[in-house]
Amino acid sequence: MSVDDVFLMVTILSIVICDGIAVYLYLKKRFPLWGSAIIIALLVPVIAYSFVEIGIDYFENNNTDPDYSGVEVGIAGAFMAFVLAINAIIIFVIGIILNVSTFIKNKKKHKNKTHNSLNL
C-alpha cells in the first residue's frame with residue numbers, strides 16, 4: 001500500500017467518524033452541531049499528527065529504497081489537516097444555519113400562539 005492509499009483511507013475514515021458522531025449527537029438533541037464542529041477543529045492537529053507520526057515510524061522500519069526520503073508522509077499529513085479543517089468549517093456553518101432557522105421557526109410559532117390567545 002502506498003502513502004496515497006493510506007492517506008485517502010485515513011482521511012475518509014476520519015471524516016466519516018467525526019461527522020457521524022456530530023450528526024448522531026445533534027439528532028439525539030444532546031449537543032449542537034456547531035459545538036461538535038469546534039471540537040472537530042480542535043482535534044484536527046491531533047489526528048494529523050498521529051497520522052504523520054505513524055507514517056514516519058512505518059517509513060523508518062520498512063524503508064528499502066535509500067533515495068526515498070519519506071517527504072510524502074509530511075505533505076499528506078498537512079493536506080489531511082487542511083481537509084479536516086475545511087470539513088469542520090463546513091459543519092460549523094451548517095450548524096449555525098440550523099440554529100438560526102430553528103430560532104426563527106420557534107419565534108414565529110411563539111408569536112402566533114400569543115396572537116391567537118389575545119383574540120380569544
Side-chain angles (χ1 to χ4, degrees):
M1 235 198 276
S2 69
V3 174
D4 297 334
D5 297 336
V6 175
F7 159 72
L8 285 175
M9 189 172 53
V10 170
T11 303
I12 291 171
L13 190 63
S14 299
I15 288 174
V16 167
I17 289 172
C18 291
D19 291 357
I21 291 172
V23 170
Y24 175 78
L25 290 175
Y26 176 74
L27 292 177
K28 293 292 183 179
K29 307 270 190 229
R30 293 187 180 166
F31 205 70
L33 199 56
W34 59 268
S36 295
I38 291 173
I39 291 173
I40 291 170
L42 293 174
L43 289 176
V44 165
V46 174
I47 294 169
Y49 178 76
S50 299
F51 169 75
V52 170
E53 189 62 33
I54 291 170
I56 289 173
D57 186 47
Y58 177 81
F59 168 74
E60 287 175 352
N61 291 334
N62 298 323
N63 186 16
T64 57
D65 186 9
D67 294 333
Y68 182 67
S69 64
V71 174
E72 289 87 4
V73 175
I75 293 171
F79 189 72
M80 182 192 317
F82 178 72
V83 168
L84 291 175
I86 294 296
N87 179 49
I89 291 170
I90 290 170
I91 292 175
F92 182 79
V93 170
I94 290 171
I96 294 295
I97 291 170
L98 287 174
N99 275 1
V100 169
S101 67
T102 304
F103 177 75
I104 290 172
K105 264 192 238 178
N106 288 342
K107 191 173 181 181
K108 284 182 183 179
K109 192 184 294 184
H110 181 67
K111 186 177 181 181
N112 288 338
K113 266 187 180 177
T114 58
H115 182 64
N116 289 339
S117 65
L118 291 175
N119 288 338
L120 295 176

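The cluster map of Ile, Leu, Val, Met, Phe, Trp and Tyr, joined by side-chain heavy atoms under 4.5 Å apart, puts Ile54 and Val10 in different clusters. When the side chains of ILVMFWY residues are joined at heavy-atom separations under 4.5 Å, either directly or via intervening members, Val93 and Ile96 end up in two distinct hydrophobic clusters. The same ILVMFWY cluster, assembled from side-chain heavy atoms under 4.5 Å apart, contains both Leu13 and Leu8. A chain of hydrophobic side-chain contacts below 4.5 Å, direct or via other Ile, Leu, Val, Met, Phe, Trp or Tyr residues, connects Ile91 to Ile86.
Applying the side chain to side chain donor-acceptor pair (under 3.5 Å) test to residues at least two apart or on different chains, none of the pairs has a partner in residues 38-48. Among residues at least two apart or in separate chains, ring-ring contact (aromatic ring centres under 6.0 Å, His included) pairs with a member in residues 71-105 are Phe7-Phe79. Sorted pairs that involve residues 89-98 and meet side chain to side chain donor-acceptor pair (under 3.5 Å), not counting sequence neighbours, are lacking altogether. Residue pairs meeting the side chain to side chain donor-acceptor pair (under 3.5 Å) criterion with at least one partner in residues 38-47, sequence neighbours excluded, are absent. For residues 81-91, every residue pair satisfying the side chain to side chain donor-acceptor pair (under 3.5 Å) rule, not counting sequence neighbours, is listed here: Asp19-Asn87.
By the side chain to side chain contact (heavy atoms under 4.5 Å, CB included) test, Ile104 is found to be paired with Val100, Lys108, residues two or more places apart in sequence or in another chain being considered. Residues passing the side chain to side chain donor-acceptor pair (under 3.5 Å) test with Tyr24: none are found, sequence neighbours excluded.
Cluster partners of Tyr49: none. The rule joins Ile, Leu, Val, Met, Phe, Trp and Tyr whenever side-chain heavy atoms lie under 4.5 Å apart, and it links nothing here. Within the hydrophobic cluster formed by Ile, Leu, Val, Met, Phe, Trp and Tyr side chains joined at under 4.5 Å, directly or through other members, Ile12 is accompanied by Val16.
Closest of all the heavy-atom pairs between Ile47 and Leu84 is CG2-CD1, 3.8 Å.
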Tell me which donor-acceptor pairs under 3.5 Å the side chains of residues 27-45 have, and how far apart each pair is, sequence neighbours excluded?
none

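Atom-to-atom distance recorded for Leu98:CG and Ile94:CD1 is 7.5 Å, nearest 0.5 angstrom.
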